[in-house]
Participant: 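First the structure, which I've put down as structure tokens, then a few questions once you've had a look.
Chain letters run A, B, ... following the sequence lines, proteins first and then strands; every chain starts at 1.
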There are 2 protein chains.
Amino acid sequence: MAQGDMRDRPRHAGAGDRQMTALDPRAMRLANAETVLRALYGADALSQAAIATATGLSRRTVELILVDLEAEGWVRVRSTEPHASGRGRPARQYAFRSEVGVVLGIDIAHDRSTVAAADLRGRTLHTAVVPMPGEPERAERLAGTRRAVAEALRAVGVRPGQVGSVSVATPGNVNDKGAVDVELSMHGWTGVRLAEEFAPDFAVPVHVENNAKLAVLAELWEGATPGADHLLWLMLEGQYNGMGIVMDGVPYRGVDGAAGEIFWAKGLGLDALTASPLIGLGRLEPEERRAEATAILERAERGDPAALSEVDSFADVLARGLSALSWVFAPRYVVLGGWLAWALGDLLATRVAARMARNAPPFVAVRRSTLGPDAVVRGAIRAALDRYEWTAARPLAPERRPSPVDGG
Amino acid sequence: MAQGDMRDRPRHAGAGDRQMTALDPRAMRLANAETVLRALYGADALSQAAIATATGLSRRTVELILVDLEAEGWVRVRSTEPHASGRGRPARQYAFRSEVGVVLGIDIAHDRSTVAAADLRGRTLHTAVVPMPGEPERAERLAGTRRAVAEALRAVGVRPGQVGSVSVATPGNVNDKGAVDVELSMHGWTGVRLAEEFAPDFAVPVHVENNAKLAVLAELWEGATPGADHLLWLMLEGQYNGMGIVMDGVPYRGVDGAAGEIFWAKGLGLDALTASPLIGLGRLEPEERRAEATAILERAERGDPAALSEVDSFADVLARGLSALSWVFAPRYVVLGGWLAWALGDLLATRVAARMARNAPPFVAVRRSTLGPDAVVRGAIRAALDRYEWTAARPLAPERRPSPVDGG
DNA sequence: GAGATTTACGCTACCTCCTTGCATAAATCA
DNA sequence: TGATTTATGCAAGGAGGTAGCGTAAATCTC
């Protein structure tokens, strides 16, 4: 169930994509129960009849399944509500209980490790941050991250073994076994087997992915391009840049997660960005670089030619590379993310868009990411939720359930 | 069921990827029957016990399902065979009947239309070719293609309404509605709605796809890279070049099928190929250009510096562009296909590989396509098989069943 | 060649789950 | 207070899957 299972499978056993597992009445019940649960998950509260029409199951079956789900703790009965048409017996409203499971999103960044605990609808319950000043070694970084995990779990009152799903974001290439293949900017990070490192702490498999490839999930979830099918997401972070590629709604990893290394590719011209003063800001401390970027933005908005030409030449290089990539990928959106895009506001995006309008396919739209600095953690939470195993999981007991009031 | 249905869906209803449809006993039976059928499809012949262990169903259930499948005509009972261990009652062997369905692969190429009829295992039963000399207009080309369809169906003794699945290959961008958005090299072809054109002739929806995107399916099926997960497939045809991108085992289309237009992309340098004398050969007639290419190959193999430099400069441009793309896609293979790669043998591939070894990621392997001129038709047949609806289809009646002996 | 052994087949009994349909419950409206 | 409307609870019936036993059809042994 960890990574690397669905790769390199021969897709040509036969026709369409139905399941291949044997179905018995129990499996049927399980599948139908999950269907009901999903229907409730997607809505605020639903009556039996509403669930029946939404799922295609008979009302009787829905009724029986709800009895089970309520007994297990997945579902709460909201006291009969007034009702729409005004008359008739009011229907009982059933609601999914997001509190009965906790997932973790872990963002290991250069200067800090951030751990967010969220409920099953992805609402953040608590965020723990452990700063990582002075370029620490591998062991120190891992220990600090574990402290952040412990703090987050303590805050929401959940033991590690009860966590429903975990996703870890890291800079560098994450291979199909959940280890970092190449990461040059963090000490001793190349070769670290993150999935193995964290696996013993939890009862569920630990998912590990490159940070840009996770941030793009947040963009699809609660960002500028919800539910988009194909897009390119650029993480402009200064020295540490990356790309998230989404195709057919799914993030694409390539062989051992190596996809999207556009800054290593000769021929796209994006390696020229390294020389840009804007990229150079990445070397500064977070507060400092943000101030610098804001200063540039303000100067440019006042019409200062030096600031404008700085942004323009940056946009030139970016637009050239992204135009070429757009012919290859035919994405619906190109999204500019990372703190640099965040700090430069719409200035950069509009300028890149103007330049791409001439050279890229006409259907490609340029967007600025609407996500703030927590894009990567939110993406990790999204990935954790996507991997949460409804059928295997058991809801947390009432006394163990965290409430959103507890944490931050 | 045609194209364009699974696009742009929000992927974040909840967790993993189970089905969302209500399951009743009948659906369960249908799914289990399909599971049994698939097991038989993947093997030559199987006993009840073998099917039971392969599928996870009880032997009794397998037995009952086989009774149905045999009655419907899907399955044949091979007379009890000697048996492995030597003793014990010999098991009945059940075999999937590939003859009970016919699929069509249609390749509309510049100089001809080719229609191949195949059985459900993809064995070609008959191939009909209608030449298209003198750059005909749209109507003429469509009429000629219909003639080829009629001939192929006559040869295998099947009426159009009985065809189980159809896939059409065409040059140009095929949008999500099965129409050609842009195709400049064939008269009046831009805007032709191929799915609609052919739909009335058949009882099943007609799948339409760009020819390079279909050829790559043949490569995965019976070519140089069977079952590969990620690869880039180049169709070098002279004037009409294209690319097929496979990611996670699935061909990638992009917005309205526009993905892979690497020759329109400034910045990759591949537009420079247009100037190459090798590409120029595409303007000649098929026999002529093949002779010319073979002549170049022979001269190069004898060490002729002019021929070698011609191939080298071609390989240079190709390798530069493909190296850049390899950083972006991280494919396992880059495959050179099309008649040009076919004609130049391993010469081109080894030279491209040597140049890419320096600039591309180390895991990328360069391969020459092992498919001949029928790559596109075979890919169309593969696509048609992939879309064949087992559960909806009814096996052909015995008197209508084509036999491989009939056709070519 | 008859009986033992081995493996496969056919079938009955039973279980789970889904569906239909009707009687009952709980609200509003006249 | 009774009619109307909508929701709930429950009994009966049907479809499908599984377990397990007796029988069938081979080979092996003496």
Side-chain angles (χ1 to χ4, degrees), chain A residues 18-37 39-40 45-72 75 77-95 391, chain B residues 19-37 39 45-72 75 77-95 391:
Chain A
R18 275 181 173 260
Q19 58 183 359
M20 264 296 279
T21 34
L23 240 48
D24 62 358
R26 219 184 348 248
M28 179 167 71
R29 173 29 108 50
L30 210 62
N32 284 337
E34 187 172 339
T35 303
V36 169
L37 204 54
L40 286 171
L46 292 174
S47 68
Q48 290 185 5
I51 298 171
T53 53
T55 59
L57 291 162
S58 72
R59 193 194 53 75
R60 175 64 172 146
T61 300
V62 171
E63 182 188 345
L64 290 172
I65 287 175
L66 285 172
V67 169
D68 287 359
L69 289 178
E70 198 191 341
E72 288 175 62
V75 155
V77 183
R78 283 205 191 159
S79 55
T80 62
E81 297 211 358
H83 191 250
S85 73
R87 52 196 186 180
R89 173 177 173 176
R92 275 201 207 159
Q93 301 294 113
Y94 293 82
T391 48
Chain B
Q19 60 182 359
M20 265 294 279
T21 34
L23 240 49
D24 62 358
R26 220 183 349 248
M28 177 168 71
R29 170 34 98 64
L30 209 62
N32 284 338
E34 186 171 340
T35 303
V36 168
L37 204 52
L46 292 174
S47 69
Q48 290 185 5
I51 298 172
T53 53
T55 59
L57 292 162
S58 72
R59 191 193 55 75
R60 174 63 172 148
T61 300
V62 170
E63 182 188 346
L64 290 173
I65 287 176
L66 284 172
V67 170
D68 287 0
L69 289 178
E70 198 189 342
E72 289 175 61
V75 155
V77 182
R78 283 205 190 159
S79 54
T80 61
E81 297 212 357
H83 191 252
S85 74
R87 52 195 185 179
R89 173 177 172 176
R92 276 200 207 159
Q93 300 294 115
Y94 294 82
T391 47

Participant: For residues 60-68 of chain B, which side-chain donor-acceptor pairs fall under 3.5 Å, sequence neighbours excluded?
Facilitator:
residue : atom : partner : partner atom : Å
B/T61   : OG1  : B/S58   : OG           : 3.0
B/E63   : OE1  : B/R59   : NH1          : 3.3
B/D68   : OD2  : B/R29   : NH1          : 3.0

Participant: Can you name the residues that form a side chain to side chain contact (heavy atoms under 4.5 Å, CB included) with B/A54, not counting sequence neighbours?
Facilitator: none

Participant: In whole angstrom, what separates B/E63's CD from D/dG16's C1'?
Facilitator: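 After rounding, the gap between these two atoms is 14 Å.
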
Participant: What does the list of N/O pairs under 3.5 Å between the protein and nucleotides 17-20 of chain C look like, with a distance for each?
Facilitator:
residue : atom : partner : partner atom : Å
C/dC18  : OP1  : A/N32   : ND2          : 2.7
C/dC18  : OP2  : A/R29   : NE           : 3.4
C/dT19  : OP2  : A/S58   : N            : 3.0
C/dT19  : OP2  : A/S58   : OG           : 2.8
C/dT19  : OP2  : A/T61   : OG1          : 2.7

Participant: Please check the phosphate of D/dT6 (OP1 and OP2 only) for any side-chain N or O of A/R92 closer than 4.0 Å.
Facilitator: no

Participant: Please report, rounded to the nearest Å, how far the P atom of D/dA24 is from the CD atom of B/Q48.
Facilitator: 17 Å

Participant: Between atom CG of B/N32 and atom CG of B/L37, what is the distance when rounded to the nearest 0.5 Å?
Facilitator: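 One gets 12.5 Å once the value is rounded to the nearest 0.5 Å.
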
Participant: At their closest point, which heavy atom of A/A39 faces which heavy atom of A/T55, and how far apart are they?
Facilitator: CB-CG2, 3.9 Å

Participant: In this structure, how many angstroms lie between the C1' atom of C/dT16 and the CG atom of A/L30, rounded?
Facilitator: 13 Å

Participant: If I take atom OG1 from residue A/T35 and atom CG from residue A/L57, how far apart are they, to the nearest 0.5 angstrom?
Facilitator: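 Going from the OG1 atom of A/T35 to the CG atom of A/L57 covers 6.5 Å.
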
Participant: Between B/R78, B/R92, B/Q93, which is the residue that forms a side chain to side chain contact (heavy atoms under 4.5 Å, CB included) with B/S47?
Facilitator: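 Answer after filtering B/R78, B/R92, B/Q93: B/Q93.
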
Participant: Find the distance B/R89:CZ to C/dA4:C1' and express it as a whole number of Å.
Facilitator: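 So the two atoms are 18 Å apart, to the nearest Å.
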
